[in-house]
K.L.:
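A single structure is presented below for examination.
Chain identifiers are assigned alphabetically (A, B, ...) following the order of the sequence lines, protein sequences preceding nucleic acid strands; residue numbering begins at 1 within each chain.
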Protein chains: 2
Amino acid sequence: MSEVAATGISVLLVDDHPIVRQGYRRVLESQGDLHVVAEADNAADAYGAFKAHDPDVVVLDISMPGASGLEAIRNIRARSPRARILVFTMHNEAVLVKAAFGAGASGFVTKSSEPSAVVHAVRSVARGERAMSDDIAHVLAEDSLSAGSALDQLGEREIEILRQFAGGATTEQIAAHLNLSVKTVQNYHYLIKSKTGARTDAQLVRLAATCGLTRI
Amino acid sequence: MSEVAATGISVLLVDDHPIVRQGYRRVLESQGDLHVVAEADNAADAYGAFKAHDPDVVVLDISMPGASGLEAIRNIRARSPRARILVFTMHNEAVLVKAAFGAGASGFVTKSSEPSAVVHAVRSVARGERAMSDDIAHVLAEDSLSAGSALDQLGEREIEILRQFAGGATTEQIAAHLNLSVKTVQNYHYLIKSKTGARTDAQLVRLAATCGLTRI
DNA sequence: TGCAGCTCGGGCAAATTTCCCAAGCCGGAT
DNA sequence: ATCCGGCTTGGGAAATTTGCCCGAGCTGCA
């Protein structure tokens, strides 16, 4: 375990964008005590890389193609409950944050955070503490006071499908990405509209956008 | 006026995520000949930074809060037609690519690209060439086979229908509001998708939003 | 005069949406 | 242990929409 513990913190980077990984790596390694020991570009590879390198901290983006990042979190935590996972994504929707912590994440930092905040979060998580960026704390605080957004009624699969749909993906693409039948995706599509009260696809996209699920 | 032209290429980074900017900066500067002379985290600041530093290349993400990145492109190009702008985003929809080039971008690279491809694109754009990543070339090629253009090729009626549709109106509501048959509205709907190249209603909404036709 | 493009809608096969239903799974309550 | 409820996954079938064909009336313009 953590063979570099005496000299620093080992990190596994999981993000589907190569240049983004490259950037994180450079930012983290410039700190001196943080070492990126492995990278993965999808949820499926994440656990293999985790097992092979046993990093102190996993830094991962939950918006990836294929199995959702939430699944990757559960996957890793189920087999290695000691794993420390720091979610690092552009999304700041309360439902996603709660889902991530519920899945076993130790921290949640948005890409809007200052690099120093991210580095700080990595160290906090490595120490076994819970960490989140200021904007996430704010979102969670707001959320706990409010009656809840329309997206709160959605399960995580529904959230994932809505995200991809609002991002412009076709039903077939979503089905292929998530390994579901087209029929299932269609049913989710209908279910999401029912739950949120959206009458048209356009309203669904607007809802997803206003809730921060997707950016336009 | 590119005062560093003899020694390298000056770059202005525009992205709303600080750590992502930090990462890009490090990746680009590790090349030796690329120098990030300024950063901006929103479209509004982008032109100010451009004017102040007159970079050889602007690398910007078009998915930002507030004014759209497309607006920033038009803004910069309108006042400095010599500007070279490389769009760097996670989106790979043909409509967005065409809108970006239509707005005056010189290049379009997705975040799925290898870092080397991004660096190469920056150099190409600096030389005044057009650049795009392989996946973008692919979606454009696909798109050109099925015809399709940008938003400004739409007629007045089509624009009006698109606006109402993207605003969340149902087909019946649009028909009633414009005193048209449902069938006619459906035909316009199809026609708009054909002309813009949008494959999905969601893509249509995104297009309308990025072009300022509707606000979300 | 003629062509081109917008506007408006019909037609019809193919696809999707809209619901309803069921089965497996899991967590929590009894 | 058992039941209940919710999530996930899909089948089925009717209703609706889509995709793409078409024609007709209108304009502007060359």
K.L.:
Answer yes or no on whether A:Arg130 is positioned over the face of A:Phe101, meaning its NZ or CZ is under 6.0 Å from the six-membered ring centre and within 45° of the axis.
P.N.:
yes

K.L.:
Rounded to whole Å, please give me the gap between CG in A:Leu191 and P in C:dC21.
P.N.:
15 Å

K.L.:
Please report the distance, rounded to the nearest Å, between CD in A:Glu156 and P in C:dG27.
P.N.:
13 Å

K.L.:
Rounded to the nearest Å, what distance is computed from the CD1 atom of residue B:Ile192 to the P atom of nucleotide C:dC6?
P.N.:
13 Å

K.L.:
Considering only C:dT16, C:dC8, D:dT8, which nucleotide approaches the side chain of B:Leu180 most closely?
P.N.:
C:dC8

K.L.:
Please determine whether a side-chain nitrogen of the Lys or Arg among A:Asp15 and A:Lys111 lies less than 4.0 Å from a carboxylate oxygen of the Asp or Glu.
P.N.:
yes

K.L.:
Quick one about A:Asp135 and A:Ser112 (side-chain donor to acceptor, distance below 3.5 Å, no hydrogens or angles considered), yes or no?
P.N.:
no

K.L.:
Would you say the ring centers of A:Phe108 and A:Phe88 fall short of 6.0 Å from each other?
P.N.:
no

K.L.:
Please tell me which of A:Gly155 and B:Asp201 maps to the more 5' nucleotide of DNA chain D, matching each residue to the nucleotide holding its nearest heavy atom.
P.N.:
A:Gly155

K.L.:
For A:Leu154 and D:dG6, give me the distance from atom CG to atom P, rounded to whole Å.
P.N.:
15 Å

K.L.:
For A:Val182 and B:Ile161, take the nucleotide of DNA chain C holding the closest heavy atom to each; which residue's nucleotide lies nearer the 5' end?
P.N.:
B:Ile161

K.L.:
Could you tell me how far apart A:Gln186 (CD) and D:dA15 (P) are, to the nearest whole angstrom?
P.N.:
18 Å

K.L.:
Going by an N to O cut-off under 4.0 Å, is there a salt bridge joining A:Glu156 and A:Arg74?
P.N.:
yes

K.L.:
Which protein N or O atoms sit under 3.5 Å from an N or O of nucleotides 19-23 of chain D?
P.N.:
from   : atom 1 : to       : atom 2 : distance (Å)
D:dG19 : O6     : B:Lys183 : NZ     : 3.1
D:dC20 : OP2    : B:Tyr190 : OH     : 3.1
D:dC20 : O5'    : B:Tyr190 : OH     : 3.3
D:dC20 : N4     : B:Asn187 : OD1    : 2.8

K.L.:
Which part of the nucleic acid does B:Glu160 contact within heavy-atom distance under 4.0 Å: base, sugar-phosphate only, or nothing?
P.N.:
nothing

K.L.:
Assess, by modelled atom type and distance only, whether the side chains of A:His189 and A:Asp201 contain a donor and an acceptor separated by less than 3.5 Å.
P.N.:
yes

K.L.:
Is B:Thr184 close enough to C:dG9 that one of its side-chain N or O atoms is under 4.0 Å from OP1 or OP2 there?
P.N.:
yes

K.L.:
May I have the distance from B:Gln203 (atom CD) to D:dT18 (atom P), rounded to whole angstrom?
P.N.:
15 Å

K.L.:
Could you walk me through whether B:Lys193 and B:Arg199 pass the side-chain contact (heavy atoms from CB on, under 4.5 Å) test, one step at a time?
P.N.:
CA-CA 7 Å; B:Lys193 280 208 264 186; B:Arg199 312 255 282 75; over 6 Å; no

K.L.:
Starting from P on D:dT18, measure out to CG on B:Leu204 and report it in whole angstrom.
P.N.:
11 Å

K.L.:
Whole angstroms only, please: what is the CG-P distance between B:Asn179 and C:dT7?
P.N.:
16 Å

